[in-house]
Amino acid sequence: MNLDSPHRLLEGLNEPQQRAVVTTRGPILILAGAGSGKTTVITRRIAWLIESEGVAPGAILAMTFTNKAAQEMSERVQHLVSIPAYQLWVSTFHSFCTRVLRTEGDRTPVGKNFVIFDPSDQKSLMKHVLSELSLSEKQYHPKRMLAEISNYKNQCLLPHEIEHTPSERSLATLIDVYALYQEGLKTHHACDFDDLLLLTERLFRDPTIQAKYQEKFKYLMVDEYQDTNRAQYQLIQHLVGQERNICVVGDEDQSIYGWRGADIRNILDFQKDFPNTTQIKLEQNYRSTQSILDAASLVIKNNQDRIGKDLWTNRGTGEKVTFKLAQDGRSEGNWIADQAQFELLRASNARVAILYRANWQSRQIEEALRAKNIPYLLIGGVKFYERQEIKDLLSYLRLLYNPFDLVSFRRAINAPSRGVGPTTLKKIEAAIPEGGEPLEGVFQALKTGAVKGKAAREVSRFADILIQGRKERDLRGLASLVQWMLQESGLTQALERENTLESESRLRNLEEFLNAAADEETLGSTLEQFLDRITLVSDADSVDGASRLSLMTIHCAKGLEFSAVFLSGMEEDVFPNRNAKDDDNGLEEERRLFYVAITRAQMKLYLTGARHRRVMGMNTLGLPSRFLRELPEDVLDQPIRWGVEVYQSGEGDWTNTHDEWSESETKPASRSKSSFQPTRRYDRSSPKEERPSKPKMSKDGWPLGTRVTSPRFGDGLITASSGKGDMLTYTIVFQSHGEKRIVAKYGALEKKGS
DNA sequence: CCTCACTGCATTTTT
DNA sequence: TGCAGTGAGG
């Protein structure tokens, strides 16, 4: 290979990138740092295989995690070599599996024509299962049960394969729940997200099937390999054939889906799994300035679990990172809004993102943006296809496709409200013959007179809609079918009758849905394909390149880049998230999340925090995120100050600082000298700082941060408060008893030193 | 069977 | 704080 006069497909690539493109045989591990041109490499590599090596497009399988990534790759490949899209197998794991199951489905419990349950469907099935087993939802939270089941599924374990000893009562119950849940899915002819992977993996255990797919796909590529879980890992192992042409691309520092079963060991151990792996590191960053990269590199160095990379850039030092401490969440929002507007005005093509750890944090930022009339796009939260009215309509469509879907049946039968409640539903369900459709239950219940009167009329009208609908399904196009369903189901009329602001917006959503169906129809999709697509789209897929200001979680932002990035809520327990920092793994993942956030920025990075925050209805005192301390001083435009009091943490143990709560004689933190210096003034950098607001809780209580003594628990520090008057309650962290909630009136608390 | 009002409880992150 | 789940009344 002569790299001096590059082939068209190698043009503009640096040396390691070129090697990654042309190394097509055997196992390859591409460690692609943030912003190192990963997508370019993957797409050029696919094009290279097709064009220079004459590989048939259909023999290449490329897997991604999001539809957006898949779509982008597919488009870029088509741009490079002109081949029809349908020949390319670039898809998400989930849609790949769906495709396989739709082809081979006769061999799985749910058959070919399954529906895919989304989380809300799962939840309603789970509730049903729990009541069947007479387990209280109070004790067995449906969501937690589902999370645990998901965990097992991600590890490729079915209920009967989970090992447990007789003494593990709660595990035994979970297994029962899991088993019955799977039974439920089977009778509904339904899969949940995890089943798509699990069932496909099971399928590939059959040597015949395995051979078939190994023969088809000679070249495998996996994007974001660090995010694969056990099921995905196994799936890949099954697919790798004799020639071992597997290329995985990933970045261990961006592994942020451990909670979803992703196992960072998959990428760390790749070379063990595939001896003689070619490893290529992409370390030149084309996205960010040096300051941003320095911040990112020094932060991530604190992690143990990594292979290690040294990112560099030739884009210059750039502006330093700005940190802003606001008095509370509201003023944090306001400051971000103002500053974001400034960033937007800076360049006509500026794209700005406001990121946060958890969705709830978006609220106050949104309020600020709305108050200032700054347009923005919110990604996440309630998804379009999860809205009530959409789910109502979908439940009808799903029933036309798969009449066994009892969850949809239960929903549709009383949407819009027809006066068919739990009682009638129970009777119908009892009348469903073994292995039969819910609709047969309706006929039975009517025949035997179990359901009569008004309910009977409504129910039989509902049955008519479904029966007629099945005929219409085969006669009409997608859009026209949706249109018909909207009318016949009475959903539109019910909303029109309601005639409120709320119903108006729901009608608009239904219209939007109709548009989506029309779009889909022009692609020539069937009802099946339409339904699959709807369930498998994610928030990240809706990120609109044209939008100038976007709000999203850090997770959603992975893979994206923005000229300026705001990262809000830099407080301990917010970020790192309180529940995630229990163990080292959790904390390292949080740190990787921080790393992902930092590396989204091209030109400018802002970090913000709030001194006080209302969280879950409580006033809480924010302490600086430990991550702030990991930032090298010289990337910041000024030292980080944290309000009046100084929090000087030795691994979050405030008692280490005992007397330093009064601002007088604080010693600087060990690593960064000037960080967290006490300061009496609020941050002076901002031109129009909100007036040093009234001290919180000073009227009928003590301010947060006050040190108190309790006769029962000894010395402590007020960290949060809620309620007022007689109900005034403090959350106090005691030196020797941990965190307690104490009603001020009865607590006999005394202020320390008075 | 539906609606409204109350209460108690929770916030990670998503294909 | 806000939502979801529950219970009383219409």
Taking the six-membered ring for Trp, are the ring centroids of His555(A) and Tyr257(A) within less than 6.0 Å of each other? yes
Sole candidate of Gln388(A), Glu386(A), Arg411(A), Lys391(A) that passes side chain to side chain donor-acceptor pair (under 3.5 Å) when paired with Ser120(A): Lys391(A)
Please report, rounded to the nearest Å, how far the C1' atom of dC9(B) is from the CD atom of Gln139(A). 17 Å
Starting at CD of Gln226(A) and ending at P of dT13(B), how long is that distance when rounded to a whole Å? 20 Å
Interatomic distance where CG belongs to Asn229(A) and C1' belongs to dT14(B) [whole Å]: 12 Å
Counting only side-chain N and O atoms of Ser417(A), is one of them less than 4.0 Å from OP1 or OP2 of dC1(B)? no
Distance between P atoms of dA4(C) and dT13(B) (Å, rounded): 14 Å
Whole angstroms only, please: what is the CG-C1' distance between Leu536(A) and dT15(B)? 8 Å
Does some side-chain heavy atom of Asp532(A) sit less than 4.5 Å from a side-chain heavy atom of Ser95(A)? no
Counting the atoms with a prime plus P, OP1 and OP2 as sugar-phosphate, which does Asn359(A) contact under 4.0 Å by heavy atoms, base, sugar-phosphate, or nothing? sugar-phosphate
Could you check if a side-chain atom of Asp573(A) sits within less than 4.5 angstrom of a side-chain atom of Lys581(A), using non-hydrogen atoms only? yes
Between Glu571(A) and Ser625(A), is there a side-chain donor-acceptor contact under 3.5 Å, judged purely by atom types and distance? no
Do Phe462(A) and Phe409(A) have ring centroids that are under 6.0 Å from one another? yes
Categorize Phe193(A) for me: base, sugar-phosphate, or nothing, with a 4.0 angstrom heavy-atom threshold over every strand shown. base
Rounded to whole angstrom units, what separation is found between the CG atom of Leu567(A) and the P atom of dT13(B)? 15 Å
Base, sugar-phosphate, or nothing for Asp192(A), non-hydrogen atoms under 4.0 angstrom? nothing
How does each nucleotide of nucleotides 1-10 of chain C score, in 5' to 3' order, for protein heavy atoms under 4.0 Å: base (B), sugar-phosphate only (S), or none (-)? BS--S-----
For the side chain of Glu590(A), counting heavy atoms from C-beta on, which of dC2(B), dT14(B), dT12(B) is nearest? dT12(B)
Assert: residue with more 5' nearest nucleotide on DNA chain B, out of Thr424(A) and Gln122(A), is Thr424(A)
Length of the line joining His141(A):NE2 and dC9(B):P, which is rounded to integer Å: 9 Å
dT15(B) phosphate, OP1 or OP2: any side-chain N/O from Ser95(A) under 4.0 angstrom? no
Report the residue (Thr92(A) or Val420(A)) whose heavy-atom-nearest nucleotide on DNA chain B is the more 5′ of the two. Val420(A)
Check the phosphate of dT12(B) against Thr553(A), side-chain N and O only, distance under 4.0 Å to OP1 or OP2. Yes or no? no
Is the closest side-chain heavy-atom distance between Arg591(A) and Glu630(A) below 4.5 Å? yes
Is the ring centre of Tyr257(A) under 5.5 Å from the base ring centre of dT13(B), and are the two planes under 30° apart, so that they stack? no
Specify the separation, in whole Å, of atom OH of Tyr356(A) and atom P of dT12(B). 16 Å
In terms of relative ring orientation, are Phe96(A) and Trp89(A) parallel, tilted or perpendicular, with 30° and 60° separating the classes? perpendicular
